[in-house]
Every structure is written in structure tokens, then in C-alpha cells.
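These notes are about the structure you will find just below.
Note that ligands are numbered from 1 as they come in the structure, with each ligand's atoms numbered from 1 the same way. Below, all heavy atoms of this structure are taken into account, side chains as well, without hydrogens, waters or symmetry copies. Count residues from 1 along the sequence.
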Amino acid sequence: MASDKKPSGRDELSKRILPQMKLSHADNPLTAPLQSPEEAKISASERAVRRFAVEGNAVVTGGAGAIGLSAIRALLEHGASGIAIFDVSASYATSLTSIDELKKDFSQAKVLTYEVDVRDEGKVNEAVELVKTEFNSIDMLLCFAGVVGCTHAIEMEASDWRRVLDVNVTGSWFCAQAIAKQMIAQQTGGSILFTASISGHHVNFPQPQVAYNTSKAAVLQLTRSLAAEWSSYGIRVNSISPGYMDTILNEGDGLAAARAIWADRNPLGRMGDVEELSGAIILLSSKRAGRYMTGIDIIVDGVSRIDDLLCPKRLFTGVH
Ligand SMILES: NC(=O)c1ccc[n+]([C@@H]2O[C@H](COP(=O)([O-])OP(=O)(O)OC[C@H]3O[C@@H](n4cnc5c(N)ncnc54)[C@H](O)[C@@H]3O)[C@@H](O)[C@H]2O)c1
Ligand SMILES: OC[C@@H](O)C(O)[C@H](O)CO
């Protein structure tokens with residue numbers, strides 16, 4: 001029987017937004033049958049490897065940085081066929097040797113570098129077009145481009161605030177939108193992974209980082225919002241939240257002294273190694289292993305958040 005119910009606002013919206021591009025359940029990689037008849041025949045060991053395989057090509061922002069480079073190595077180890085690194089020249093200058101090593105170790109894959117400041121929307125779109133021509137398809141986006149700033153809130157200049165928010169939030173958004181458009185046009189779906197932080201979940205101690213903490217909390221909401229909007233195009237959107245990792249990001253800006261405090265307050269007594277993020281990155285980027293995961297955040301921090309429980313100032317003031 002035909003319903004005379006008026007369409008809801010949501011129905012109207014769904015009609016307007018690229019309705020013709022929405023994937024049917026059978027074509028959407030997130031709702032299509034999990035296993036094809038051919039796959040049912042493969043050996044258990046082959047299935048185990050396939051479960052965590054990473055398929056296709058990835059754009060990796062901040063890929064010349066510590067976490068980005070380690071993630072690229074893991075993506076290539078798990079089968080990625082192409083990597084396009086988006087980063088700024090200063091980082092390329094120091095990471096060229098590592099990038100050359102990656103190219104040598106994974107000669108079957110294409111590793112390309114693009115000088116892109118993720119704050120520049122035009123440059124991001126331009127680079128995505130170039131990657132599209134080079135790779136034909138873009139299947140993954142991993143956003144590691146990020147900056148930190150340790151300034152007392154009361155002394156912060158507008159430019160300090162904007163620098164952090166522009167790179168960490170707006171830059172991630174520009175890249176996600178440009179690449180989602182491409183994934184939607186391909187009708188293949190894909191995976192987007194943002195880098196949030198434990199700083200998006202709690203307030204760091206002892207360093208003052210209001211802009212950074214705010215930016216990473218925004219990344220968590222960006223993740224959930226885009227996951228909800230883009231699942232009907234087969235696009236999964238997730239994030240990881242690293243704890244204190246032993247990278248150059250945590251060396252400048254007066255942070256050297258804080259490192260001992262962070263390690264001391266962590267029950268494991270140490271900061272994290274970037275390699276320890278690889279498991280979560282591969283799980284979320286893998287089409288099979290991560291298939292029913294979207295809109296989530298994986299915290300990899302060796303329980304650094306225990307700061308929240310142990311910080312005497314916060315306990316006494318009751319401020320959490
Ligand atoms: N190191 C940690 O403890 C830690 C913890 C939680 C989250 N994170 C996040 O992980 C990500 C990577 O951090 P990392 O430790 O590898 O730092 P890193 O400084 O080694 O890497 C960051 C990379 O981002 C690039 N970048 C900065 N601004 C950019 C811009 N405008 N456009 C393009 N690229 C830009 C840098 O050139 C650099 O290569 C960041 O988003 C950071 O906030 C780091
Ligand atoms: O909170 C952990 C990180 O996001 C970050 O490394 C740190 O706060 C930067 O000083």
C-alpha cells in the first residue's frame with residue numbers, strides 16, 4: 001500500500017546529495033556478501049594473510065614524518081600497490097633517505113612524493129588530480145600531517161591558534177573531501193584514516209596545548225560525522241589516537257623536559273614507538289579486517305590517559 005507520509009527532511013537531503021552515486025547493497029563493499037565462492041576455497045593460511053591485506057593505492061599526508069613513514073612501510077608490507085606522499089618541503093629534505101629506502105625495499109610498488117601544504121585547498125585538489133592520473137584509483141587516505149603548539153592560552157596569538165587548527169583540522173578535511181569525491185566517482189568505496197590523539201580525549205599535562213587539544217577533539221568529531229555521511233558510498237572513516245610517541249614532534253617547543261614526566265606517569269614507564277601504531281593502522285585500512293568498523297577511534301597509548309586519574313591537581317579540584 002502506498003504511503004501518504006510526507007518525506008522527512010532526511011529523505012529530502014538524501015535526494016539532493018549525489019543520490020545517483022549511492023551504492024546498492026550488492027555493490028557497496030561494506031554491505032556486499034562477505035565471502036565470494038572462490039574465497040571459500042582458499043587455504044586457512046592464505047585466508048589469514050588476506051584478512052589483513054591492504055589493497056590498492058593510498059594518499060598519505062604528513063608521510064615524510066615519523067608516524068607517516070612508519071605507516072607507509074606497514075601499508076607496503078601488507079600489499080599496498082601505490083603510495084602518494086603529501087608533505088611540505090622541509091620534511092622532504094630530512095626524509096629523502098628513508099623514502100629512497102622504501103622505494104628500494106618495495107620496488108614492485110609506486111611511491112610518489114608531492115609537495116602539498118594541506119592548508120591550501122587548491123593545491124590539495126590539484127595533487128589529488130595528479131595522483132588520480134598516475135594511479136587510476138585512490139583507495140585509501142591516511143592523514144598524519146599535523147603540528148603541535150605549546151603556548152599558554154592567555155598569551156596565544158591568533159596566528160598560533162590558526163596554524164594548529166588549519167593544519168590538523170581544516171587540512172584533514174580538505175584532503176578527505178577531495179579524495180571522497182574521487183572514491184564516490186570510482187564507485188569503489190574506500191578507507192579514510194585520521195590521526196586524532198589522546199589529546200582529543202583528555203587534557204595533556206604538564207604542557208599547555210589548548211589549540212592542539214581542541215584540534216584533536218575536532219578530528220574525532222570529523223571522523224564520526226563523515227563516517228555517517230559517507231557509508232552509503234562504501235567509504236569508511238576512522239581515526240587512531242596515539243599516546244606519547246617518541247618522535248621529533250615531542251622534542252621542540254620546550255617538550256624535552258615533559259618527556260620524562262610522561263614516561264614516568266605511564267604504567268609501562270615509557271613513550272611509544274611509532275611501529276606500535278602499525279597494527280591499528282593496518283586493521284582500520286584493511287578492507288576485510290576493518291569492514292564493519294567505521295566512525296571509530298582506536299587509542300594506542302600504553303594507558304597514558306591514566307594521567308587523568310593520577311594528576312593530583314585534577315583530583316583535588318575535581319576538574320576532569
Ligand atoms: N608523536 C606523538 O606523540 C603523537 C601523538 C598523538 C598524535 N600525533 C599526531 O600524529 C601525526 C604525526 O605526528 P609525528 O609524530 O609523526 O610528527 P612529525 O612532525 O614527525 O610528522 C608530521 C608531518 O606532518 C607534516 N606537516 C606539517 N604541516 C603540514 C602541512 N601544512 N601540510 C603537509 N604536511 C604537513 C610535517 O612536515 C611532518 O612530516 C600528527 O598529526 C600528530 O599530531 C602524534
Ligand atoms: O597527547 C599526545 C600527543 O598528541 C602529542 O604528542 C603531545 O601532546 C604533543 O606535545
Side-chain angles (χ1 to χ4, degrees), residues 59-72 84-96 98-99 113-121 123-124 127 142-151 162-175 193-220 222 239-259 261-263 265-266 270-277 280-281 297-302 304-305 307-308:
V59 168
V60 183
T61 80
I67 297 179
L69 275 171
S70 156
I72 292 172
I85 306 179
F86 288 7
D87 210 310
V88 290
S89 58
S91 274
Y92 281 133
T94 51
S95 305
L96 273 184
S98 313
I99 295 172
T113 52
Y114 297 83
E115 203 176 305
V116 181
D117 185 327
V118 295
R119 292 172 296 183
D120 182 341
E121 189 183 13
K123 195 86 186 156
V124 166
L142 295 94
C143 291
F144 299 109
V147 290
V148 72
C150 297
T151 312
R162 289 209 181 95
R163 184 182 70 93
V164 175
L165 273 289
D166 284 355
V167 178
N168 298 1
V169 187
T170 314
S172 300
W173 155 245
F174 285 156
C175 294
L193 181 75
F194 292 122
T195 310
S197 165
I198 49 163
S199 313
H201 293 271
H202 78 155
V203 173
N204 289 326
F205 184 83
Q207 71 278 24
Q209 292 189 156
V210 62
Y212 186 80
N213 299 343
T214 304
S215 76
K216 294 301 183 178
V219 169
L220 292 170
L222 183 64
S239 61
I240 54 164
S241 276
Y244 294 113
M245 310 308 289
D246 192 1
T247 78
I248 197 158
L249 184 99
N250 284 324
E251 279 169 14
D253 236 351
L255 287 171
R259 293 164 63 95
I261 299 175
W262 300 334
R265 294 156 69 90
N266 186 312
R270 65 175 176 86
M271 294 173 72
D273 184 310
V274 290
E275 164 65 19
E276 289 169 316
L277 300 172
I281 291 170
D297 178 66
I298 298 186
I299 297 176
V300 186
D301 74 337
S304 307
R305 286 157 302 127
D307 280 1
D308 279 348

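Within the listing of ligand 1, atoms 39 (O) sit less than 4.0 angstrom from a heavy atom of A64. Of all the atoms in ligand 2, the ones that sit under 4.0 Å from a non-hydrogen atom of Y244 are 1 (O), 2 (C), 7 (C), 8 (O). Residue contact check: A196 has heavy atoms under 4.0 Å from atoms 7 (C) of ligand 1. In the vicinity of V148, heavy-atom distances shorter than 4.0 Å reach the ligand 2 atoms 9 (C), 10 (O). Residue contact check: I198 has heavy atoms under 4.0 Å from atoms 1 (O), 2 (C) of ligand 2. In summary, the atoms of ligand 2 found under 4.0 Å from a heavy atom of N204, numbered by their order in the structure, are 1 (O), 8 (O). The distance from ligand 1 to the heavy atoms of V116 drops below 4.0 Å at these ligand atoms: 32 (N), 33 (C). Per-residue contacts place G146 under 4.0 angstrom from the following atoms of ligand 1 (heavy atoms of the residue considered): 22 (C), 24 (O), 27 (C), 40 (C), 41 (O). Taking a cut-off of under 4.0 Å to the non-hydrogen atoms of D117, the atoms of ligand 1 that pass are 30 (C), 31 (N), 32 (N). Each of the atoms 31 (N) of ligand 1 lies under 4.0 Å from some heavy atom of R119. Close contacts between ligand 2 and L255 involve ligand atoms 10 (O) [criterion: under 4.0 Å to a heavy atom]. Close approach of ligand 1 to S91 is summarised as follows: ligand atoms under 4.0 Å from at least one heavy atom of the residue are 36 (C), 37 (O), 38 (C), 39 (O). Residue contact check: P242 has heavy atoms under 4.0 Å from atoms 5 (C), 6 (C), 7 (C) of ligand 1.
For atom 43 (O) of ligand 1, the closest non-hydrogen atom of the protein is Y212 OH, 2.6 Å. Closest protein heavy atom to atom 29 (C) of ligand 1: V167 CG1, 3.9 Å. The protein atom (non-hydrogen) at minimum distance from atom 20 (O) of ligand 1 is A66 N, 2.9 Å. Of the protein's heavy atoms, A145 CB, 3.7 Å lies nearest to atom 35 (C) of ligand 1. Atom 25 (C) of ligand 1 has its closest protein heavy atom at D87 OD1, 3.2 Å. In this structure, atom 9 (C) of ligand 2 lies nearest to the protein heavy atom N250 OD1, 3.0 Å. Protein heavy atom nearest atom 4 (O) of ligand 2, with residue, atom name and distance: S197 OG, 2.4 Å. From the protein, the heavy atom lying nearest to atom 11 (C) of ligand 1 is F144 O, 3.0 Å. Protein heavy atom at the shortest distance from atom 9 (C) of ligand 1 is T195 CG2, 3.6 Å. Atom 5 (C) of ligand 1 has its closest protein heavy atom at G243 O, 3.0 Å. Counting protein heavy atoms only, atom 1 (O) of ligand 2 is closest to S199 OG, 2.4 Å.
At least one N or O atom of T247 sits closer than 3.5 Å to an N or O atom of ligand 1. Backbone and side-chain nitrogen or oxygen atoms of M245 are examined, and one is located within less than 3.5 angstrom of a nitrogen or oxygen of ligand 1. Residue V147 has no N or O atom closer than 3.5 Å to an N or O atom of ligand 1. By the 3.5 Å distance cut-off applied to N or O atoms, Y244 is not counted among the residues near ligand 1. Between Q209 and ligand 2, at least one N/O pair is under 3.5 Å apart. Ligand 2 has no N or O atom lying under 3.5 Å from any N or O atom of W262, backbone or side chain.
Minimum heavy-atom separation, D87 to G63: OD2-N, 3.4 Å. Minimum heavy-atom separation, Q207 to N204: NE2-CB, 3.3 Å. When all heavy atoms are compared, the tightest approach of M245 to I67 is CG-CD1, 4.3 Å. The shortest heavy-atom contact between C143 and T195 is O-OG1, 2.6 Å. Residue G146 comes nearest to L249 through the heavy atom pair O-CD1, 4.1 Å, listed as atom of the first residue, atom of the second, then distance.
Under a 4.0 angstrom heavy-atom cut-off, S241 registers as lying outside contact with ligand 1. Using a 4.0 angstrom heavy-atom cutoff, A90 does not count as in contact with ligand 1. The closest approach between any non-hydrogen atom of M271 and ligand 1 is not below 4.0 Å. Using a 4.0 Å heavy-atom cutoff, G171 is absent from the residues neighbouring ligand 1. Residue contact check for ligand 1: I248 places a non-hydrogen atom closer than 4.0 Å to it.
Between the OH atom in Y92 and the OH atom in Y114 there is a gap of 9.5 Å [rounded to 0.5 Å]. The OG atom of S241 lies 5.5 Å from the CD1 atom of I299; values are rounded to the nearest 0.5 Å. To the nearest 0.5 Å, the span separating CG on D166 from OG on S215 amounts to 10.5 Å.
Residue-level proximity to ligand 1 for I67 is carried by backbone and side chain together, each with a heavy atom below 4.0 angstrom. Counting heavy atoms under 4.0 Å from ligand 1, residue V118 touches it through both backbone and side chain. Residue N250 touches ligand 1 through its side chain alone, judged by heavy-atom distances below 4.0 Å. Residue Q207 touches ligand 2 through its side chain alone, judged by heavy-atom distances below 4.0 Å.
Contact of the T61 side chain with the S172 side chain is not registered, since no non-hydrogen atoms from C-beta on lie closer than 4.5 Å. Using a 4.5 Å cut-off on side-chain heavy atoms (C-beta onward), P242 and V300 make no contact. Within the 4.5 Å cutoff, side-chain heavy atoms of N168 are placed close to those of V147. When side chains are defined from C-beta on, V118 counts as touching V167, because their heavy atoms get closer than 4.5 Å. The closest side-chain heavy-atom distance from W173 to V169 is not below 4.5 Å.
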| query | Which is it for D301 and H201 under the side chain to side chain donor-acceptor pair (under 3.5 Å) test, yes or no, and what are the steps along the way? | reply | CA-CA 12 Å; D301 74 337; H201 293 271; over 6 Å; no
| Step by step, would you call W262 with L255 a side chain to side chain contact (heavy atoms under 4.5 Å, CB included)? | CA-CA 10 Å; W262 300 334; L255 287 171; 3.9 Å; yes
| field | Criterion side chain to side chain contact (heavy atoms under 4.5 Å, CB included) on Y244 and I198, from CA distance to verdict | value | CA-CA 8 Å; Y244 294 113; I198 49 163; 4.2 Å; yes
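For R259, the CZ atom sits in a packed shell: over 12 heavy atoms of surrounding residues, nucleotides or ligands are nearer than 6.0 Å.
With L255, V300, L249, D120 as candidates, the residue nearest to atom 44 (C) of ligand 1 on a non-hydrogen basis is L249.
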